[in-house]
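Here the structure is a predicted model, which means the values were calculated and not measured.
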Amino acid sequence: MKIIEETPYRFRIAKEGAMRVPGIVYASKALLPEERDDMALTQVANVATLPGIVRASFAMPDIHWGYGFPIGGVAATDIDDGGVISPGGVGFDISCGVRLLVSPDLDSTQLQPRLRAVMDGLDNRIPRGLGRKGVWPLPNRAALERVLAGGARYAVGKGHGVPEDLERCEDGGVLEGADVAEVSARAMERGLEQIGSLGSGNHFLEVQAVDRVYDEATAARMGLADGAVCVMIHTGSRGLGHQICTDHVRRMEAAMKRYGITVPDRQLACVPVRSPEGQAYVGAMNAAANYGRANRQLLTEVTRRVFEAHADTSLRVVYDVSHNLAKFETHDVDGKPRNLCVHRKGATRSLPPGHPDLPADLADVGQPVLIPGTMGTGSYVLAGVPDNPAFDSAAHGAGRVQSRHAAARGEDADVLRSRLEKHGVLVRGRSRRGLAEEKPEAYKDVDEVIETTEQAGLARKVARLIPLGVVKG
DNA sequence: ATGTCC
């Protein structure tokens with residue numbers, strides 16, 4: 001693989017072999033994987049072979065190895081030119097994403113004496129861990145179907161939140177085009193009991209404080225000011241999304257031969273967007289996306305009740321955005337508007353100021369881009385910028401440098417926990433191993449990822465958030 | 001990420 005340094009923050013993987021477009025990796029020298037045959041870089045090149053891909057196979061600064069596509073990968077295909085959709089370009093956790101809440105009147109100093117009570121309240125009320133039941137036991141399949149069709153909007157309609165919440169959600173909290181007929185019985189079974197639960201792995205709910213503001217005017221428009229108390233929720237579509245991915249990958253593997261598609265890795269299973277199998281996946285994926293959005297809405301409400309009871313404050317939604325999703329968007333490519341299927345897998349949509357899909361009150365500042373770091377360091381809020389080169393996308397996190405296995409090896413959960421608490425971060429975990437796997441050292445330097453994101457022209461810094469308490473599966 | 005292989 002030939003890698004060319006084009007700028008201090010952009011590397012090009014030269015087009016060769018079956019690649020239809022080059023690979024573009026936004027990374028500093030420090031973030032670029034060292035080995036030329038690195039698994040994640042190989043995946044960037046593999047994605048560049050997909051039928052209908054335009055411009056480039058992109059990688060965000062937090063790129064690491066994933067299923068088929070790298071995590072931190074962005075790929076757009078032209079749906080009018082045989083472009084494909086690939087579940088590997090979305091990820092198993094369909095519509096996994098981040099929601100940020102902020103208190104309009106409570107700062108971290110005022111919270112401090114009540115923090116322990118808040119964390120205990122969250123510990124008691126946030127369902128989490130593998131396979132756990134959620135806070136909204138749905139009575140039957142019909143009720144779940146309404147969640148899959150209506151997303152966060154349906155949850156709010158049922159009293160789980162207020163209409164203003166939806167104004168600050170990507171797509172108003174619901175994607176059109178969900179097709180419940182393409183969601184298998186097994187996926188429905190898994191989804192029925194888990195709605196309103198956090199999950200495990202890197203999913204978390206954190207109480208945070210604004211530690212630094214880079215652009216006061218923009219931060220103020222997002223409701224953020226120095227010292228403000230925030231809550232960041234990172235979760236997705238749980239077992240339902242996972243099952244949908246499994247089901248449709250299997251179906252596509254069987255179908256792709258009929259479309260004459262060959263891929264360098266069977267994990268890149270894909271079919272034309274405009275095919276029965278493609279449309280089936282799109283319908284199921286949108287259903288899972290709505291489930292993920294409803295899930296974050298429900299956890300928002302639980303969090304609000306805890307803060308009302310123990311900290312006497314309400315919480316407003318700053319923004320809610322998915323970072324595992326394929327979306328249908330129009331972008332100019334070679335000077336012409338094209339209908340694209342934009343896969344973002346571990347990549348956050350990052351809309352520029354003036355974009356019609358922004359909430360009206362944020363139209364002139366750009367989309368809030370929510371990028372969690374680690375539980376020991378910090379997280380960031382950025383804003384979308386004009387002329388984003390990667391189809392309006394940015395990084396989604398710090399990015400792993402150690403595998404889960406490597407991270408857990410030699411790490412004692414109690415030692416980690418007391419280390420974090422010495423740093424002023426209260427920990428409410430469920431699994432000792434799960435906590436160890438998420439230690440800050442398992443991740444890249446989030447400050448470096450953010451700096452690179454900004455220098456690469458993907459988004460600009462608005463505020464840095466530090467953790468005060470973390471709820472983990 | 002995930003009832004980490006029905």
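The separation between A:Asp93 atom CG and B:dT4 atom C1' is 14 Å, rounded to whole Å. Whole-Å rounding puts the A:Arg430 CZ to B:dT2 P distance at 15 Å. Residue A:His242 contributes atom NE2, which lies 9 Å from atom P of B:dC5 at whole-angstrom precision. Distance A:Leu130 CG to B:dT4 C1': 8 Å, rounded to the nearest Å. Computed from coordinates, the A:Gln243 CD to B:dC5 C1' distance equals 12 Å when rounded to whole Å. For A:Arg250 and B:dC6, the CZ to C1' distance is 10 Å, given to the nearest whole Å. With rounding to whole Å, A:Ile71 atom CD1 is found 13 Å from B:dT2 atom P. Following rounding to the nearest Å, A:Glu437 (CD) and B:dT4 (P) show an atom-to-atom distance of 14 Å.
Side-chain contact check for A:Asp447 and A:Tyr380: at least one donor-acceptor pair (N or O, by modelled atom type) lies under 3.5 Å.
A:Leu416 and A:Met375 get closest at one heavy-atom pair: CD2-CE, 4.4 Å.
When heavy atoms are screened at a 4.0 angstrom cut-off, A:Arg404 is found touching the sugar-phosphate backbone but no base atom. Looking at heavy-atom distances under 4.0 Å, A:Gly239 makes contact with sugar-phosphate atoms alone, never a base. Residue A:Gly91 is out of contact with every strand shown, counting any heavy-atom pair closer than 4.0 Å. Residue A:Gln194 is in sugar-phosphate contact alone, with no base atom involved, counting any heavy-atom pair closer than 4.0 Å across all strands shown.
The CG atom of A:Leu138 sits 12.5 Å away from atom CZ of A:Arg141, with the distance rounded to the nearest 0.5 Å.
Aromatic ring centres of A:His396 and A:His234: separated by at least 6.0 Å.
The side chain of A:Ser200 contributes an N or O atom lying less than 4.0 Å from OP1 or OP2 of B:dT2.
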